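Just so it is clear, the model here is predicted, and its values are computed rather than measured. Sequence lines set the chain letters: A, B, ... in the order given, protein chains first and strands last, and positions in each chain run from 1.
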Amino acid sequence: MKEEKRSAARSRWAARIRGALAALWLAAFCAGVAFPASELPETAPLAALMARTQPLHALEKALLGRAGFAASIASAIVAIALLGGTLLAGRFHCSLLCPLGTCQDAAARLASGLRSPRRGTITPRRGLGALRTGTAAFTLAGLVLGLPAAATLLEPYTIFARGFQRSLGDLAALALNGLESLGLPVPVMTVRWEPFAFALAVLPFGAVLVAAAFRSRAFCGALCPAGALLGAANAVALFRVRLDRAACVDCGACSRVCRAHCVNGHFLDTSRCVQCLDCVAVCPTGALRYRPPRRDELVAPFRPPATDPARRRFLVDAGAAGVGIAAALAAPALARAASVPLARETPRGSSGRTLAVPPGALSVRRYAELCTTCGTCVRACPSGVLRHSTLEFGLASPGVPYLDYGRAFCQYECVACSAACPSGAILDREPEFKKREAIGKSALELSDCIVVSKGTRCGACAEHCPSGAVRIEEVAGRPLPVPVLHAATCIGCGACETVCPAEPRKAMTVSGLAVHELADPPRKDAALPVGEPSTEGFAF
Amino acid sequence: MNRREFLSALGRGAGALGAAWLLGAVPRVFAQAPAVAAAGTFPDLVAVKGGSAVSRVDAALAAAGGIGRFVRKGGLVVLKPNIGWDVRPELAANTDPALVKRLVELCLAAGARKVVVFDHTCDPLRASCANSGIERAAKDGGAEVAPAHAESYYQAVENARAGTLRKAKVHELVLQADTFINVPVLKNHGGAGMTAAMKNLMGMVWDRGAFHSMGLDACIAEAALFRKPDLNIVDAGKVMLSGGPRGNASSRYAEQRLLMLSTDIVAIDVASARTLGPGPEAFEYIGRAATMGLGRADIEKLAIRRIEL
């Protein structure tokens with residue numbers, strides 16, 4: 001009896017520590033994604049690091065990203081650690097490391113008036129297993145086939161990071177701006193209203209949280225593709241919560257606290273259990289324990305059962321997975337038949353020019369096939385040039401970020417987006433290599449240039465051009481020096497377009513390249529018109 | 001001033017003299033000093049060659065009567081270096097951080113209540129402040145680095161004497177400052193030809209881009225009418241000769257190891273233009289500013305103190 005009490009006390013502490021660690025981890029995530037780096041650069045490395053702990057993105061970068069050996073290995077190590085860890089210690093990721101999971105717990109707790117996450121007994125429902133398997137199969141097959149739209153809507157880190165920043169992060173920014181206007185010494189934050197990006201961010205996040213308010217981990221058990229993978233591993237995990245039916249007294253305590261709605265005294269759905277340990281902490285008889293299998297449990301799976309619910313479940317799951325994969329395979333043909341554009345290799349902006357995608361993307365196609373639009377790059381971008389698109393890249397890649405040169409331009413020395421991207425859609429780039437990757441090309445329309453149209457000196461484009469592709473030069477027949485473009489050196493960073501003061505049409509415009517090119521190295525400067533000044537003595 | 005303050009000031013003065021002597025500045029300073037100093041006036045322009053950024057500014061200020069001539073006790077000092085670009089200090093597209101740090105220390109030692117450093121940067125503010133090294137240097141010296149990347153920090157000001165730039169939004173710090181010190185770096189500039197003292201003031205204005213469409217030379221000259229700096233210190237340590245203002249991989253440089261100091265924003269730009277090479281005639285805004293009476297372009301007639309360290 002004494003031993004049991006001690007064990008129960010241990011379980012309670014374990015559950016509390018898990019809850020505290022999950023809350024800390026979520027707080028760190030929130031701090032990392034709340035404000036973009038253009039406003040608060042200190043948090044960008046934290047956000048990038050945390051994005052790397054998410055299983056689907058790690059798998060994507062390791063297997064699909066063609067990310068290069070070192071980056072693939074690093075991501076593979078994360079993926080193996082998460083999957084192998086689950087095989088060893090159960091599906092702990094979802095109750096410890098997943099920010100969306102802990103957000104759902106918080107929403108459920110708030111909804112139940114700061115009491116335990118949920119009251120009233122439930123029967124663990126098994127029917128959702130087929131939905132989850134089918135959805136996960138569709139999502140994962142979509143990623144493999146280059147149709148990331150399902151992951152865009154369902155990958156949990158993506159839902160959290162985009163949703164949190166656009167809702168609570170932006171609200172915090174607005175609050176800071178309010179305080180600043182009252183004269184308090186707080187920084188001014190830029191908050192941008194982009195309806196599509198807002199909807200793409202806030203609707204999935206809000207839907208998951210509302211569902212959580214009613215059935216705490218409904219999303220994790222019914223729709224989450226990462227949860228489906230980890231749940232499958234959980235079923236054969238060495239250590240996990242296990243139910244000893246013989247010791248159960250049917251008190252119902254476990255089903256009252258279970259956040260995944262997966263346990264009562266008769267049944268524990270291992271595919272949905274997130275190892276939060278709450279049931280273990282409240283079980284009065286020790287029927288529920290976090291432990292390895294006993295000898296008799298080990299051989300049980302190999303004994304042919306009298307009636308066979310397990311086999312039926314397997315067949316249903318296999319069928320659902322088949323449907324999911326078939327749907328993903330059939331999607332391109334269906335889209336063609338309905339003439340809906342799934343993917344566009346030359347996405348066009350409102351100006352009619354091709355949109356540019358970040359250095360490290362290699363090509364629009366490769367990039368749009370891999371990006372889940374988690375927005376980690378958008379938040380990491382110090383200049384704010386990266387923004388979410390709407391449907392310009394096609395239905396399969398809604399919201400994929402592009403460079404908006406009407407707003408800002410890509411910083412020459414910066415590789416923040418490639419350091420941030422967790423999925424491998426933007427590859428790791430050395431600054432020296434990035435400075436040669438042409439993501440677009442400038443075009444110069446001299447008749448729109450204010451030097452010609454207004455007869456005033458200007459040179460804003462050449463001032464900002466980092467590669468020396470635009471120069472201000474004396475040209476025969478022009479009374480004032482005019483910009484001269486040397487396109488082979490241009491990397492399409494957009495600086496010239498952003499700063500060009502000509503109205504209504506800019507004289508310098510940049511079109512993105514569908515396939516990135518290697519630009520010429522910066523040109524050697526011409527000899528100085530007045531020669532080198534002396535460095536001896538004083539010139540005056 | 002009570003006895004303790006007097007003794008303490010005496011000690012500080014002796015310490016500064018000792019330091020200057022150790023740096024080798026004293027003999028030359030005194031060798032050239034008497035005529036002007038005795039009359040109780042100061043040179044119109046001080047130029048210091050050689051040494052380090054720190055010893056140059058120390059020697060220049062010593063010749064100009066000390067920082068105490070410009071900074072009053074308990075006053076707010078605003079430094080406007082060039083922090084325009086998100087590049088490393090070696091590229092010399094921004095003011096030398098060592099110079100900024102030294103100026104901050106000197107202003108605080110002279111009794112300034114607060115020293116604030118700011119620039120309306122061309123590249124993103126936070127990246128420019130960090131990678132230029134100026135944020136670190138200013139904070140190490142004891143200054144605040146103020147934000148300048150939102151319109152709410154700027155106030156609309158009318159410019160009655162201007163023909164072109166009749167109104168603009170000017171950073172509130174410039175309008176509040178008891179002492180406004182302009183600390184540009186000298187370099188080539190694609191649009192304006194040269195960046196020195198006057199061009200640097202473009203970074204105290206919010207709607208800076210409009211300068212280009214309204215007429216760059218007129219706007220640069222007239223911007224100084226909003227608030228004339230109390231002191232201009234031009235950093236010409238490493239001078240970018242081509243590819244400016246940002247600089248690029250093939251930019252050319254001249255190691256001038258020069259610092260200029262003047263209250264006359266036109267005179268210091270004339271001296272800067274000669275140092276850069278083309279001379280003041282090449283830059284229309286210098287002539288315009290002189291015509292408006294912002295300062296004197298005929299520097300041959302001014303008292304120039306030349307110091308070699």
Positive for side chain to side chain contact (heavy atoms under 4.5 Å, CB included) with B/Arg296, one of B/Val270, B/Asp264, B/Val266 = B/Asp264
query = Distance from B/Lys187 atom NZ to B/Leu241 atom CG, nearest 0.5 Å?
reply = 13.0 Å
key: Separation between CG of B/Leu76 and CG of B/Leu173, rounded to the nearest 0.5 Å   = 6.5 Å
Under 4.5 Å from any heavy atom of chain B - which part of [X]:
X        : answer
A/Glu42  : side chain
A/Glu39  : both
A/Thr456 : side chain
A/Glu463 : both
A/Phe409 : side chain
A/Ser38  : backbone

query = With chain A, which of B/Arg274, B/His212, B/His189 has the greatest number of heavy-atom pairs at distances under 4.5 Å?
reply = B/His212
task = Give the member of B/Pro147, B/Ala150, B/Ala47 that has the highest number of heavy-atom pairs under 4.5 Å with chain A.
result = B/Ala47
Segment of [X] engaging chain A (4.5 angstrom heavy-atom cut-off):
X        : value
B/Phe211 : neither
B/Arg88  : side chain
B/Ser152 : side chain
B/Arg246 : both

key: Working for side-chain contact (heavy atoms from CB on, under 4.5 Å), residues B/Ser213 and A/Glu503   = CA-CA 9 Å; B/Ser213 45; A/Glu503 282 177 335; over 6 Å; no
query = Do A/Glu536 and A/Ser534 have a side chain donor and acceptor closer than 3.5 Å?
reply = no
Can you check whether [X] reaches [Y] side chain to side chain, under 4.5 Å on heavy atoms?
X        : Y        : value
A/Leu174 : A/Leu176 : no
B/Ile83  : B/Val117 : yes
B/Ile268 : B/Leu45  : yes

request  = Please confirm whether B/His171 and B/Trp206 have ring centers closer than 6.0 angstrom.
outcome  = no
ask   = Are the ring centres of A/His388 and A/Tyr402 closer than 6.0 Å?
value = no
message = Using only non-hydrogen atoms and a strict under-4.5 angstrom cutoff, which residues of residues 475-500 of chain A touch chain B?
response = none
task = Test the B/Lys199-B/Tyr285 pair against the cation-pi criterion, namely NZ or CZ under 6.0 angstrom from the six-membered ring centroid and within 45° of the ring axis.
result = no
message = With a sphere of 6.0 Å drawn around CZ of A/Arg407, does it hold more than 12 non-hydrogen atoms of other residues, nucleotides or ligands?
response = yes
